[in-house]
Amino acid sequence: METVIERLIYASRWVLAPIYLGLSLALVALGIKFFQEILHVLPHILAIKETDLVLLVLTLIDLALVGGLIVMVMLSSYESFVSRLDLASDSDKLDWLGRMDYTSLKNKVASSIVAISSIHLLKIFMNTPNVAESNLMWYVIIHITFVVSAFAMGILDKLTRHH
């Protein structure tokens, strides 16, 4: 009986596979939104103000960072928690794949969130005339919270790491 329960619990990791597949669909949606932004601005590229163009580029960078975060979480989590990826050609395999454990994934996700938050905060600072002062304060507080959290996780990782 115990063996059956243990095998069932172990096999239940496959419930995560459709979730990671769903992340790939979110990546497709993000790609569509990325190109929608580009196609939306192209007809007006000569008339657009420099500030608006910089804001658009920051939005595109933001989308690219989120896409990279999705790929990192999707692939490394699948390989860590579900099954190894058997790729036909080793030249297709990403260098970090198979070497990223849960702690390094957590740290990379935290640093990615800080980077995404930084881009978002920069967009807000470039658009300060249209942002309420109280909202601006909260954006800064939230960003500092992300930075401190990522820093604390890195320090805790360093303190608890066993060589």
Side-chain angles (χ1 to χ4, degrees), residues 16-132 135-157:
L16 290 169
I19 293 170
Y20 299 135
L21 185 61
L23 283 177
S24 67
L25 296 176
L27 188 61
V28 168
L30 202 63
I32 291 169
K33 190 50 113 174
F34 182 94
F35 288 104
Q36 178 188 20
E37 290 289 330
I38 290 175
L39 292 174
H40 181 261
V41 79
L42 278 180
H44 313 287
I45 195 71
L46 297 176
I48 195 169
K49 291 188 288 182
E50 183 180 337
T51 306
D52 292 336
L53 183 60
V54 170
L55 287 172
L56 172 73
V57 170
L58 289 174
T59 299
L60 296 176
I61 291 170
D62 201 18
L63 291 171
L65 287 171
V66 171
L69 179 61
I70 290 171
V71 168
M72 184 173 43
V73 168
M74 181 177 56
L75 293 177
S76 62
S77 295
Y78 180 86
E79 194 161 78
S80 293
F81 301 120
V82 180
S83 179
R84 292 255 181 243
L85 292 170
D86 295 323
L87 301 173
S89 168
D90 282 341
S91 65
D92 286 344
K93 193 166 185 174
L94 302 169
D95 288 341
W96 53 267
L97 207 51
R99 293 190 317 228
M100 191 181 303
D101 62 353
Y102 177 72
T103 302
S104 37
L105 175 63
K106 178 182 64 173
N107 288 335
K108 287 191 183 299
V109 167
S111 61
S112 294
I113 289 171
V114 168
I116 292 165
S117 174
S118 298
I119 297 291
H120 187 69
L121 190 59
L122 183 56
K123 284 171 42 180
I124 289 178
F125 280 148
M126 292 191 68
N127 195 24
T128 50
N130 300 325
V131 179
N135 288 348
L136 188 60
M137 178 191 71
W138 280 111
Y139 288 130
V140 171
I141 289 171
I142 291 168
H143 177 69
I144 290 172
T145 303
F146 287 146
V147 171
V148 169
S149 297
F151 183 74
M153 283 193 298
I155 295 295
L156 286 173
D157 177 45

note = Taking every heavy atom of V131 against every heavy atom of Y139, the minimum-distance pair comes out as CG1-CE1, 4.1 Å

query = Given side chains that start at C-beta, do those of Y78 and L16 come closer than 4.5 Å, heavy atoms only?
reply = no

key: Non-hydrogen atoms of N107 and G154 that approach each other most closely   = OD1-N, 4.1 Å

query = How close do L58 and K123 get, heavy atom to heavy atom, and via which atoms?
reply = CB-CG, 3.4 Å

task = Calculate, to the nearest 0.5 Å, the distance between atoms CG and CG belonging to L136 and L121 respectively.
result = 7.5 Å

request  = Might you work through the side-chain contact (heavy atoms from CB on, under 4.5 Å) test for F125 and V140, ending with a clear yes or no?
outcome  = CA-CA 10 Å; F125 280 148; V140 171; 3.8 Å; yes

ask   = Which heavy-atom pair separates A150 from V114 by the least distance, and what is that distance?
value = CB-CG2, 3.8 Å

query = Above 12 or not: heavy atoms from other molecules or residues under 6.0 Å from CZ of F81?
reply = yes

key: Shortest non-hydrogen contact from M72 toward V109   = CE-N, 4.3 Å

query = Does a side-chain heavy-atom distance below 4.5 Å link S24 with L21?
reply = yes

ask   = How far does CD of E37 sit from NE2 of H40, to the nearest 0.5 angstrom?
value = 7.5 Å

request  = Check the pair I45, L53 against side-chain contact (heavy atoms from CB on, under 4.5 Å), reporting the backbone distance first and the verdict last.
outcome  = CA-CA 8 Å; I45 195 71; L53 183 60; 3.8 Å; yes

task = For L23 and Y20, run side-chain contact (heavy atoms from CB on, under 4.5 Å): C-alpha distance rounded to whole Å, both residues' side-chain angles, the deciding distance at 0.1 Å, then the answer.
result = CA-CA 5 Å; L23 283 177; Y20 299 135; 4.0 Å; yes

request  = State, with a plain yes or no, whether a side-chain heavy atom of T145 is found less than 4.5 Å away from one of I141.
outcome  = yes

ask   = For the atom pair OG (S117) and CG (L65), what is the distance rounded to the nearest 0.5 Å?
value = 11.5 Å

ask   = To the nearest 0.5 Å, how far apart are CE in M126 and CG in D52?
value = 9.0 Å

